[in-house]
There are 2 protein chains.
Amino acid sequence: MKDVAAAAGVALKTVSRVVNDEPGVNPATAERVVAAIAQLGYRRNESARVLRRGRTATIGLVIEDVADPFYSGMSRAVEDVALRHGSLVLSGSSGEDPVRERELVLTFCARRVDGLIIVPAGTDHDYLLPELDAGIAAVFADRPGGLEADTVICDNAGGAHAGVGHLIRHGHRRIAFLGDSASIFTASERLRGYRRALAEAGLPADGSLIAMGPADRAGAALCAMLAAPDPPTAVFTGNGRITVAALRTGHRPALVGFDDFELADVLRPGVTVVAQSPDGLGRTAAEMLFRRLSGEPGPAERIQLPTRLIPRGSGEIPPP
Amino acid sequence: MKDVAAAAGVALKTVSRVVNDEPGVNPATAERVVAAIAQLGYRRNESARVLRRGRTATIGLVIEDVADPFYSGMSRAVEDVALRHGSLVLSGSSGEDPVRERELVLTFCARRVDGLIIVPAGTDHDYLLPELDAGIAAVFADRPGGLEADTVICDNAGGAHAGVGHLIRHGHRRIAFLGDSASIFTASERLRGYRRALAEAGLPADGSLIAMGPADRAGAALCAMLAAPDPPTAVFTGNGRITVAALRTGHRPALVGFDDFELADVLRPGVTVVAQSPDGLGRTAAEMLFRRLSGEPGPAERIQLPTRLIPRGSGEIPPP
DNA sequence: GGGCCGGTGGACAACGTTGTCATCCGGTCC
DNA sequence: GGACCGGATGACAACGTTGTCCACCGGCCC
């Protein structure tokens with residue numbers, strides 16, 4: 001900028017004015033400056049600008065894994081909203097590890113992101129308090145965090161309730177639940193919905209039909225249940241990865257899965273799912289974040305997005 | 001930092017030394033400083049640090065669409081490598097639009113990323129020259145860019161050649177090619193491999209069996225070909241999205257697809273694919289970038305990654 | 001002609017950090 | 001006792017921007 005000023009024969013501040021479209025510059029002078037900028041290939045140094053102004057026009061996004069289609073869809077939505085607000089996105093995958101989540105968040109904060117969208121891996125977010133005090137906005141997405149803050153989640157229990165109810169209406173009485181680790185909020189909520197649906201139908205809750213754990217063990221769990229005496233006639237799977245793991249076993253009991261996924265309609269039979277919208281989740285969270293950044297006051301909000309049951313065949317198979 | 005210094009009763013510089021683990025600080029003093037830092041909840045301002053030091057420890061990643069599983073896998077690999085090198089990733093989706101690609105890249109440059117990994121949407125990258133001169137490293141991934149720079153791509157022509165050869169060996173003589181728009185490098189390379197395989201087998205090249213265009217039109221194109229007189233007995237699809245579009249038509253001719261995808265093994269028949277590794281692509285590109293950033297000299301390299309044919313059933317269907 | 005005004009441009013400090021160099025102090029060596 | 005040394009600490013400038021405030025100039029009004 002100094003060089004540009006020298007080349008154009010004006011003061012530093014005048015160049016700054018031109019670069020920022022500030023009023024009070026003679027058009028002729030401005031033109032000289034623009035020419036000098038073009039000639040020298042000058043580009044403003046954002047770091048210095050950030051240092052001076054305080055706002056970085058950057059938000060941080062912490063998800064579990066970008067490579068998971070659910071979160072990558074969410075990422076894309078966040079990115080689009082950020083773009084519309086002139087912001088960039090720093091993103092990182094926590095891999096469901098609270099320590100890594102914390103590290104990522106604090107690194108983002110050190111870079112003075114304006115705001116954060118976090119899919120919490122842990123449950124303790126006290127480490128965020130000083131940052132919130134410092135004026136960084138935060139929105140929890142997909143799961144609630146360990147403190148009062150804006151939160152966008154989907155109707156996990158309601159969705160599971162609807163999915164399991166669908167199987168019950170098709171005559172099933174022994175329905176297995178394959179879910180993610182019980183420590184994960186979405187998993188326990190969905191289990192709650194499953195239990196409520198069974199209870200409302202007057203069906204017994206059989207612990208041997210419930211398996212919670214990482215997706216890569218879900219296949220084996222399903223095989224074990226089906227091999228046991230008095231096996232389930234239907235399965236409710238607690239997320240997209242688990243649904244895929246169940247399908248990969250080759251068994252084809254009646255099945256309803258939480259989360260829609262590509263090719264669910266191409267498989268035979270098509271896979272009936274309770275769909276939530278990764279897109280909607282990301283968009284809603286990002287929009288809420290930017291509302292806060294633009295100064296919207298008020299207590300922490302908690303938005304719950306609806307789910308939608310999509311019958312495709314697998315969930316309509318009657319019990320044998 | 002000023003406040004910390006005051007609280008600990010030392011000079012600014014001493015705090016800086018402690019924060020950066022520089023030698024030459026009395027352990028007792030250091031302890032006082034650490035205590036003051038903890039008490040005040042101080043965290044270093046990276047913007048100021050960047051301003052002073054010049055390196056941002058941030059790289060920019062421009063891909064086509066994070067929500068595409070291929071690119072999200074690549075993203076994850078880049079992120080992991082960056083993490084190991086203590087860097088963060090700013091990412092953006094170009095949506096195959098050269099203008100947007102350029103905007104993203106220039107925005108990243110204004111933020112003084114240390115380096116860039118670009119999946120080029122356009123073919124003209126002269127706009128990058130001033131940035132490269134300014135010391136920003138750049139690696140093109142998945143496709144070559146419009147200038148001499150490090151590039152990591154996969155063996156597109158070879159992979160297509162292998163896939164089409166596989167169909168030929170299973171007795172097919174009329175093989176359709178469904179590819180992405182011909183203007184996209186990977187698409188035209190794969191078409192080249194297809195043509196070479198046909199030529200080597202002495203098969204005629206029939207233009208009516210070739211359809212190039214966006215994935216959402218591939219289904220209709222396939223239906224039209226199959227409805228024509230003398231339809232193809234096999235199809236080679238030029239990328240993952242097009243493979244899915246073809247499957248969604250419900251027709252099940254012999255098929256080999258470029259790109260592996262989740263559930264390819266669960267469909268019946270399993271889908272035979274020419275797999276490339278989004279992971280390997282991202283990792284290789286990022287590692288090359290960090291080698292350059294750590295000062296490795298030498299001319300621009302071009303790395304080609306191999307592909308792998310995975311037979312699963314759909315590619316082994318004989319002609320009727 | 002003096003005072004004032006709006007339009008233009010510049011000087012300077014400040015943002016929070018780090019690199020350079022100077023200072024200070026206690027001890028050691030001749 | 002003075003020169004010297006090494007370790008610890010600090011003062012200060014600089015990074016590139018922007019906000020604040022002041023200076024200048026030509027014209028206009030009384």
Side-chain angles (χ1 to χ4, degrees), chain A residues 1-37 40-58 106-114 130-131 134-136, chain B residues 1-37 40-58 86 106-107 109-114 130-131 134-136:
Chain A
M1 182 140 139
K2 205 169 41 177
D3 300 340
V4 173
V10 298
L12 223 57
K13 181 65 206 186
T14 303
V15 179
S16 171
R17 274 195 264 261
V18 171
V19 170
N20 293 293
D21 279 328
E22 284 173 35
V25 178
N26 187 308
T29 315
E31 190 141 342
R32 278 214 321 283
V33 173
V34 170
I37 286 175
L40 293 172
Y42 163 82
R43 191 145 318 116
R44 183 170 59 196
N45 182 324
E46 288 296 324
S47 306
R49 177 167 223 250
V50 160
L51 177 61
R52 191 62 235 253
R53 313 234 306 185
R55 276 276 170 115
T56 56
T58 306
L106 291 181
T107 309
F108 289 164
C109 288
R111 307 222 171 186
R112 296 296 189 272
V113 293
D114 297 332
E131 312 300 339
I136 292 183
Chain B
M1 183 138 140
K2 205 169 41 178
D3 300 340
V4 173
V10 298
L12 222 58
K13 181 63 207 187
T14 301
V15 179
S16 171
R17 274 194 263 261
V18 172
V19 169
N20 293 292
D21 278 328
E22 285 174 35
V25 178
N26 187 309
T29 316
E31 190 141 343
R32 276 212 324 283
V33 172
V34 170
I37 286 176
L40 294 173
Y42 162 80
R43 191 143 319 117
R44 183 170 58 197
N45 181 324
E46 289 296 324
S47 306
R49 177 167 223 251
V50 160
L51 177 60
R52 191 60 234 256
R53 314 234 307 185
R55 276 278 170 112
T56 55
T58 306
L106 292 182
T107 309
C109 288
R111 307 225 171 183
R112 297 296 189 270
V113 294
D114 298 332
E131 312 300 338
I136 292 183

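Here is the naming used below: chain letters follow the sequence lines, and residue numbers restart at 1 for every chain.
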Starting at [atom1] of [X] and ending at [atom2] of [N], how long is that distance when rounded to a whole Å?
X: A/K2; N: D/dT18; atom1: NZ; atom2: P; value: 16 Å
X: B/R111; N: D/dC15; atom1: CZ; atom2: P; value: 23 Å
X: B/N45; N: D/dT17; atom1: CG; atom2: P; value: 17 Å
X: B/L51; N: D/dG16; atom1: CG; atom2: P; value: 7 Å
X: B/R44; N: C/dT17; atom1: CZ; atom2: P; value: 9 Å
X: B/R53; N: C/dT18; atom1: CZ; atom2: C1'; value: 8 Å

Determine to 10° how strongly the helix from C/dG1-D/dC30 to C/dC30-D/dG1 is bent, judged from the axes of its five-pair ends.
->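 That helix gives 70° between its end axes.
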Heavy atoms only: give me the nearest B/V18-B/A30 pair and the separation to one decimal.
-> CG2-CA, 4.0 Å
Nearest heavy-atom neighbours spanning A/S47 and B/V50 | OG-CG1, 3.1 Å
Would you say B/E22 has more than 12 foreign heavy atoms packed within less than 6.0 Å of its CD?
-> yes
Would you say the side chain of A/I37 lies within less than 4.5 Å of the side chain of A/V19, judging by non-hydrogen atoms?
->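 Answer yes - side chains close enough.
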Check each residue of residues 19-33 of chain A for a non-hydrogen atom within less than 4.0 Å of any atom in DNA chain D, then write out the ones that pass by number, or none.
->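 The answer is A/N20, A/E22.
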So does B/R49 get a side-chain nitrogen or oxygen closer than 4.0 Å to the phosphate oxygens (OP1/OP2) of C/dT18?
-> yes
Under 4.0 Å: is that the gap between some side-chain N or O of A/S16 and OP1 or OP2 of D/dT17?
-> no
Any salt bridge (charged side-chain N to carboxylate O under 4.0 Å, His left out) involving residues 45-55 of chain A? Give me the pairs, sequence neighbours left out, ordered by first then second residue.
->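 Those involving residues 45-55 of chain A are A/R44-A/E46.
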With sequence neighbours excluded, residues passing side-chain hydrogen bond (donor to acceptor under 3.5 Å, both in side chains) with A/R111 | B/T58
Distances under 3.5 Å only, N/O to N/O: pair up the protein atoms with those of nucleotides 10-14 of chain C.
residue	atom	partner	partner atom	Å
C/dG10	OP1	A/A11	N	3.3
C/dG10	OP2	A/A11	N	2.6
C/dG10	OP2	A/T14	OG1	2.7
C/dG10	N7	A/R17	NH2	2.8
C/dG10	O6	A/R17	NH2	3.4
C/dA14	N3	A/R52	NH1	3.0

Exercise answer: donor-acceptor pairs, residues 1-15 of chain B side-chain atoms, under 3.5 Å, sequence neighbours excluded:
none

